[in-house]
**Q** 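Below are the structure tokens for one structure; questions will follow.
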Amino acid sequence: MQNNPDEMIMENVREGNLSEMSILFERYQRKLYNFFFRMGINREASRDLTQNLFYRMIRYRHTYKTGSCVKSWIYQIARNLHNDYRSKEKKAGDLFVSSGIYPSDIAQTDDSYPEEDFEKLETALMTLSDAQRELIVLSRYLGLKYEEISPIIKQSVPAIKVAIYRAIRQLRCVYFKQN
Amino acid sequence: MCLFQTELKTTDMKCEELEEKIIDYLDNKLDKEENLEIEKHLETCERCLDEFRDLQEVMELISSKEEVEPDDSLRINFYHMLHSEIKKSKGSRTAETTSPWFNRTIFRIAAGFALLICGTIIGIMIQSGVRNSHQAQLEQLRSEVTTLKKTAMFTMLKEESSSNRLQALNYADELDAPDQNVIEVLVKTLNTDKNVNVRMAAAYALAKYADQQQVCDSLVKSLSLQSDPILQITLINILVERREKSAVKPIQKILTDENTMEEVKHIAENGIKMLI
């Protein structure tokens, strides 16, 4: 059962075998947590959003359409949750939360790069728009293929390629200007 | 713009073409011919080479960032949520279809119980003088209800439909102090029921009484009997949450078993770290 494709598992969940959701949880929780975290949300809120995402999958399991890609579906929900979080944050006017990664959160980095480089990169990432940042997170941090990103953000593969090139180029400009 | 562009032959790559392909080149996604074309262009165009080096550094920096690890509360909360959703969903929509005949018997059983309870109340009222034994009445009623719930549980656990067996485990959840029989039936369900949802519900029902050494021991023992990843994860979570040191051995066994699913191994490893 643990080697079954996501789609078969999600169908079983929809038919009432809720416990199989734990397989999808184990497959995706880390990636999703990292998605929220890399989008600039603090650890605690990233955890709550990840939890909330699986809750939505269970609650709205009947809306899952047979044959549609579960991975895309999951990341679409993740995007919605992220957008909701941002708009709530705006309403609350909570500038502190929106300042992104906290110093204490920057950890677990490769030793071969000095810490300042990562801080500079982080600053450069903050200059990107949410849409650009999302592309970098999905393709570079989470390793999704362009073909997988396409249905999530509803853009064509060539358009995604160009957008990623532009985003990385902008990162480069900001990153090297800080030197 | 590229300074040498005008001097290049028409078959040579232009700077704009390089822009389109440079990310794929860095990701090693192009074929040999395209790679050669790009390398040739980079040799002749200094501006592109500069940009190429910068992009390479930024992309390497991005990919050298490791994933962050969520803390254990995420998993623990998820399994609690999943458990309560399973409880809520029982009966409403299940994979197995229940035949009308079954539904009718369930109604009959329920109606029987209702009658019994009414009868008991009337019986108690008639039997005892209305005044002095208010407390005793309540006590007796309570014990009647408990007995009924237990009987219902034992009966329904034997049913074919897994949603009925799940309902039975709900009754077990509602019992204040389960006796030896109830515990034994729950352990048997945890270890032998053919449905994962039912086994999982049994594990959570038992977890409530894990303060009793006997219950805790049977959860630990069950760990080496379960081969289903979902049950392995559920039990590890319950026992790690309780900081149950005697679970270390069976968890280690799961960890070294080559048939164990990767994710379970990961959880087992974290669990052992918390326990020792």
Side-chain angles (χ1 to χ4, degrees), chain A residues 1-3 12 14-23 25-27 29-34 37-38 43-44 46-48 50-51 54-55 58-59 61-62 105 107-110 112-113 117-118 120-122 124-125 136 139-143 158 161-162 164-165 168-169 171-173 175-176, chain B residues 19-24 26-27 29 51 54-71 73-75 77-79 81-83 85-90 92-96 162-163 195-201 228-231 233-234 260-264 266-267:
Chain A
M1 169 170 47
Q2 53 264 45
N3 296 323
N12 289 343
R14 191 187 56 198
E15 300 312 319
N17 274 323
L18 294 196
S19 62
E20 287 198 25
M21 189 51 109
S22 60
I23 302 173
F25 174 79
E26 297 303 339
R27 277 184 196 168
Q29 50 115 357
R30 215 177 126 113
K31 292 274 179 210
L32 290 166
Y33 179 78
N34 275 272
F37 184 65
R38 293 291 174 216
R43 278 177 183 268
E44 205 180 327
S46 294
R47 183 199 61 200
D48 292 347
T50 309
Q51 162 97 16
F54 286 101
Y55 182 70
I58 291 178
R59 271 297 149 104
R61 61 186 182 276
H62 304 298
D105 282 343
Q108 298 172 356
T109 44
D110 194 320
S112 60
Y113 287 93
D117 283 357
F118 284 111
K120 274 197 291 181
L121 176 70
E122 207 48 62
L125 274 167
I136 298 289
S139 77
R140 316 307 310 186
Y141 284 128
L142 303 181
K161 274 193 186 181
V162 172
I164 287 182
Y165 172 72
I168 293 183
R169 235 178 122 173
L171 276 183
R172 169 217 173 200
C173 284
Y175 179 79
F176 286 101
Chain B
E19 284 181 3
E20 280 167 31
K21 289 183 174 174
I22 195 74
I23 304 273
D24 280 343
L26 283 164
D27 282 339
K29 278 182 183 166
E51 179 170 335
D54 286 356
L55 290 181
Q56 192 176 29
E57 187 176 337
V58 169
M59 280 172 65
E60 270 173 19
L61 191 65
I62 292 177
S63 52
S64 72
K65 273 202 137 180
E66 283 169 27
E67 283 191 339
V68 287
E69 189 77 44
D71 60 63
S73 60
L74 174 61
R75 176 170 287 115
N77 291 342
F78 168 79
Y79 279 92
M81 182 268 285
L82 181 61
H83 175 229
E85 289 302 312
I86 288 175
K87 272 171 73 176
K88 272 186 233 160
S89 78
K90 46 92 203 156
S92 57
R93 278 168 219 251
T94 42
E96 295 160 61
S162 65
S163 58
N195 182 294
V196 188
N197 289 345
V198 177
R199 294 207 301 276
M200 190 166 149
D228 189 292
I230 297 168
L231 261 297
I233 294 169
T234 306
T260 305
M261 186 183 166
E262 266 321 297
E263 283 91 342
V264 179
H266 185 71
I267 295 160

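Here is how names work: the chains are called A, B, and so on, in the same order as the sequence lines, proteins then strands, and each is numbered from 1.
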**Q** For chain B, which candidate among A:Q29, A:E26, A:K161 shows the most heavy-atom pairs at distances under 4.5 Å?
**A** A:E26

**Q** Considering only heavy atoms from C-beta outward, does the side chain of B:V196 approach that of A:N17 to under 4.5 Å?
**A** no

**Q** Side chain, backbone, both or neither: which part of B:K21 has an atom under 4.5 Å from a heavy atom of chain A?
**A** neither

**Q** With side chains defined as the heavy atoms from C-beta onward, is the minimum distance between A:S19 and B:I86 less than 4.5 Å?
**A** yes

**Q** With rounding to the nearest 0.5 Å, note down the distance linking CE in B:M81 to CG in A:L18.
**A** 10.0 Å

**Q** Below 4.5 Å from any heavy atom of chain B, which atoms of A:R169 appear? Answer side chain, backbone, both or neither.
**A** both

**Q** Mind telling me whether A:F54 and B:F78 have parallel, tilted or perpendicular rings, with 30° and 60° as the class edges?
**A** perpendicular

**Q** Salt bridge check: are A:R43 and B:D71 linked by an N-O gap of less than 4.0 Å?
**A** no

**Q** Chain A heavy atoms under 4.5 Å from B:I62: which part of the residue, side chain, backbone, both or neither?
**A** both

**Q** Would you mind checking which part of A:Y165 comes under 4.5 Å of any heavy atom in chain B, side chain (CB onward), backbone (N, CA, C, O), both or neither?
**A** both

**Q** Working to the nearest 0.5 angstrom, can you tell me the gap between A:R59 CZ and B:K88 NZ?
**A** 4.5 Å

**Q** Which atom pair, heavy atoms only, marks the closest approach of A:Y55 to B:E85?
**A** CE1-OE2, 3.3 Å

**Q** Let me know if B:L61 has heavy atoms under 4.5 Å from chain A in its side chain, its backbone, both or neither.
**A** both

**Q** Evaluate the side-chain proximity of B:E67 to A:Y33: yes if any heavy-atom separation is below 4.5 Å, no if none is.
**A** no

**Q** Begin from the C-alpha positions of A:D117 and B:K65 and carry the test salt bridge (charged side-chain N to carboxylate O under 4.0 Å, His left out) through to its verdict.
**A** CA-CA 11 Å; A:D117 283 357; B:K65 273 202 137 180; over 6 Å; no

**Q** Which atoms form the tightest heavy-atom contact between A:R172 and B:V58, and what is the distance?
**A** CA-CG2, 3.9 Å

**Q** Looking only at heavy atoms, what is the nearest atom pair of B:I230 and A:S22, with distance?
**A** CG1-OG, 3.1 Å

**Q** Please report the interatomic distance CD1(B:I23) to CD1(A:I164), rounded to the nearest 0.5 Å.
**A** 7.5 Å

**Q** At a heavy-atom separation under 4.5 Å, does B:E262 approach chain A through its side chain, its backbone, both, or neither?
**A** neither

**Q** With a 4.5 Å cut-off on side-chain heavy atoms, are B:P70 and A:R30 touching?
**A** yes

**Q** Of all of B:E57, B:H83, B:H266, B:E51, which one pairs up most often with chain A through heavy atoms under 4.5 Å apart?
**A** B:E51

**Q** Would you say A:Y175 and B:D54 make side-chain contact, with heavy atoms under 4.5 Å?
**A** no

**Q** Name the region of A:I58, side chain, backbone, both or neither, that has any atom closer than 4.5 Å to a heavy atom of chain B.
**A** side chain

**Q** I need the residue from A:L171, A:V162, A:I136, A:L121 with the largest number of non-hydrogen atom pairs under 4.5 Å to chain B.
**A** A:L121

